[in-house]
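Below is one structure, written out as structure tokens, with a few remarks after it.
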2 protein chains.
Amino acid sequence: MRQASLTDVAELAGVSHMTVSRVINGTGPVRPETRARVQAAIQELDYRPNSAARTLATGKSETLGVVALDSTLYGPASMLYGIEHAAREAGYAITISSVSRPQRQSISDAVEVLRRQAVEGILVIAPHVAAGRALEFTPRDVPLVAVGAAESAPVPVVTVDQHDGARRATEHLLALGHRTVWHIAGPEDWLEARAREQSWRETLEAHGIEAPTVLRGDWSPRSGYEAGRALIAGGDVTAVFVANDQMALGMLRAFTEAGVTVPHDVHVVGFDDVPEAAYFSPPLTTVRQDFIEVGRQAFELLLLRLRDEAEGVRRLITPELVVRESTGPR
Amino acid sequence: MRQASLTDVAELAGVSHMTVSRVINGTGPVRPETRARVQAAIQELDYRPNSAARTLATGKSETLGVVALDSTLYGPASMLYGIEHAAREAGYAITISSVSRPQRQSISDAVEVLRRQAVEGILVIAPHVAAGRALEFTPRDVPLVAVGAAESAPVPVVTVDQHDGARRATEHLLALGHRTVWHIAGPEDWLEARAREQSWRETLEAHGIEAPTVLRGDWSPRSGYEAGRALIAGGDVTAVFVANDQMALGMLRAFTEAGVTVPHDVHVVGFDDVPEAAYFSPPLTTVRQDFIEVGRQAFELLLLRLRDEAEGVRRLITPELVVRESTGPR
DNA sequence: GTGCACAGTGTTAGCGATAACAACGACTCG
DNA sequence: CGAGTCGTTGTTATCGCTAACACTGTGCAC
């Protein structure tokens, strides 16, 4: 048998369908005994409101869309969960549409897919250059909030303060007495990677130090490993700021294999503070980003945006330097 | 101005709304020049079909629900992406409802939330004992597929063969000449943890070895670290099979701190093959689970289930032992 | 030339809910 | 005691779409 509808319930309870609707939504007055009869009928028929019909009638879907990254990178995945959690608590459903590769077109497509789903607003987790560009071309009539680092985007945005984090990491190393600090950057098309690199460079320059050549990885441990080998080959490295923890792990591995000891020979700082970082060999000094909080605030900001109160808002979340043995005493 | 509707498009193109519907869905014949006029009108009005209305009219939502775990554990997160990817390719949208703690009630609630969203089918990623129980009480009229390890559930299920994986891990260690193999298990309420533990025990018994006392963690590196310290305190340990890679990392750390060398003093095997595992110190021998494939097959299975062709189906995916230095020559 | 198939299009009736207003009785108030 | 108020319920229209069927006209077979 098919799903029961409002009318079925109304018939069984001997009332009009509107009365049932009132009972369900708590709108308008209903006599207690009528309410009881209706509720009994609902129980008996295992009635469940049809959200498509409700959406059609009200124009509200109580659903938000999230454009996520098709990856299991710790950051993006955590932000997704932060968003989902906050949204669910507020009674919103979440529809996701992920993109495999962060290209302008794919992000626009994902947004388009979500718009057809009649979502009320969209959160874009896409800390790429391409994402920023895609957002520029997004119609202004969709309530949209960027999560991550799309700084230049013409939409409200929530992001961790990458500059601050990278500055702290670099200054921490400088304070330990190093003459310079090397940097392993993330992929060039990630805004976060760019921001960290830029801030690292500026911090060095502020101390009158010329930044050494940047090595670039792709966030993966493997690329960190390779960068580590390259550094060893170059010689004369005593301090490295790596753009994420995974690459830092790869680098630690490369150092270990080559007999370079951390923290004795080299100091290393990562970025993210993944749950594993405290158990690397040695435990990694890193910059903690509270992704869950980012997700939560992004959701909040989207709610504001839905009420048109988020014009030009940009929320910065301050990261935190967590000092561990990888920059410990030698 | 509000979103354009079929009728608006029809008016602009000078046809009936049905003709527009036919153009959009490719149903029924339409003269090429009419089609062109309609398409022009669609373009001009930036028309976008209203999915709520379509769902209401057809009874099909082209949407699937996923009950996910509110965690960034590598496995569950990867499976989610596998599912999402497969579904999107097939034109299905995905609505997620995550549960923070895997209790029977919360899982039932999540399923209920999704049912109201008019999803056509539901995938439950919830490899817990509680999930299995929750699924028993789920009405049989919702097409539902379990992803993970809910073996006893009365629904079709896709899972990695945990028994096989744990057996391979244990036998690998035994083949290296160890007299026995210790085990750090996962949380007792996870079916996967149970399966790995049970299979480890059976494998030892099959070799006439009595299983040593099990230590139990919570999947976190910290718990692995503590288990490692406990093992060291107990002494006389030469081979450990750890139920996941994160705990194995913690254990490696505990060993390093205590001056116990892997692989020289102790051999360690993990489970999962997270991207980092190859860069642990030492690189970790582990059992690789292809989570993306699990997600893909789960989606496929749900499609079968939607056509009532999945009765009692259970798909097992065989994991693979990846040998690295943590069980290398001493 | 009559009939029939079929391409092409329109008309009408839902899908299951909410919105807006109407209807009715009981009660209060002046 | 008539009018207005309010609590309670019902009626009707509507959201945007598709399903089902009705209606044209054309081309072809016989």
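- Checking D:dG10, C:dG14, D:dC15 against the side-chain heavy atoms of A:M18 singles out D:dG10 as nearest.
- Looking at heavy-atom distances under 4.0 Å, A:S16 makes contact with a base.
- Checking B:T58 against A:S21, the closest nucleotide of DNA chain C that is more toward the 5' end is the one next to B:T58.
- B:N50 has its CG atom 6 Å from the C1' atom of D:dG16, to the nearest Å.
- The side chain of B:H17 lies closest to C:dT11, out of C:dT11, C:dC15, C:dA17.
- Comparing C:dA19, C:dG16, C:dG10 by their nearest atom to the side chain of A:S5 picks out C:dG16.
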Begin from the C-alpha positions of A:F291 and A:Y81 and carry the test ring pair (Phe, Tyr, Trp, His ring centres under 6.0 Å) through to its verdict. CA-CA 9 Å; A:F291 292 113; A:Y81 280 109; over 10 Å; no

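- Taking five base pairs at each end of the helix from C:dG1-D:dC30 to C:dG30-D:dC1 and finding the rotation axis that steps the C1' atoms of four pairs onto the next four gives two axes whose angle is 50°, to the nearest 10°.
- Distances from the side chain of B:L6 to the nucleotides C:dG16, C:dT18, D:dC17 place D:dC17 closest.
- Test B:V66, B:V67, B:I83 against B:I96 for side chain to side chain contact (heavy atoms under 4.5 Å, CB included) and you get one pass: B:V66.
- For B:T58 (side chain) and B:R54 (main-chain N/O), a donor-acceptor pair under 3.5 Å exists by modelled atom type.
- The backbone N or O of B:A195 lies less than 3.5 Å from no partner atom in the side chain of B:Q162, so there is not a single donor-acceptor pair.
- One can place CZ of B:R22 at 8 Å from P of C:dG10, the figure rounded to the nearest angstrom.
- Contact check, B:T19 against C:dG10: a side-chain N or O comes under 4.0 Å of OP1 or OP2.
- Separating the CG atom of B:L56 from the P atom of C:dT18 is a distance of 12 Å, rounded to the nearest angstrom.
- From B:L73, atom CG reaches atom CE of B:M79 across 9.5 Å, with rounding to the nearest 0.5 Å.
- Residues from residues 25-43 of chain A lying near DNA chain C, meaning a heavy-atom separation below 4.0 Å, are A:N25 in numerical order.
- Rounded to an integer number of Å, the gap from CZ of A:R54 to C1' of D:dC15 is 15 Å.
- Distance, A:K60 NZ to C:dA19 C1': 14 Å, rounded to whole Å.
- Look at CD on A:E11: it is 13 Å from P on C:dG16, rounded to the nearest Å.
- Side-chain contact of A:S51 with B:Q117: a donor-acceptor pair under 3.5 Å is absent, judged by distance alone.
- Take B:E89 and apply the salt bridge (Lys or Arg N to Asp or Glu O under 4.0 Å) test, not counting sequence neighbours, and it matches no residue.
- Here B:E293 pairs with B:R296 in a salt bridge; the nearest charged N to carboxylate O distance falls below 4.0 Å.
- Under a 3.5 Å cut-off, the side chain of B:N25 and the backbone N or O of B:R22 do not form any donor-acceptor pair.
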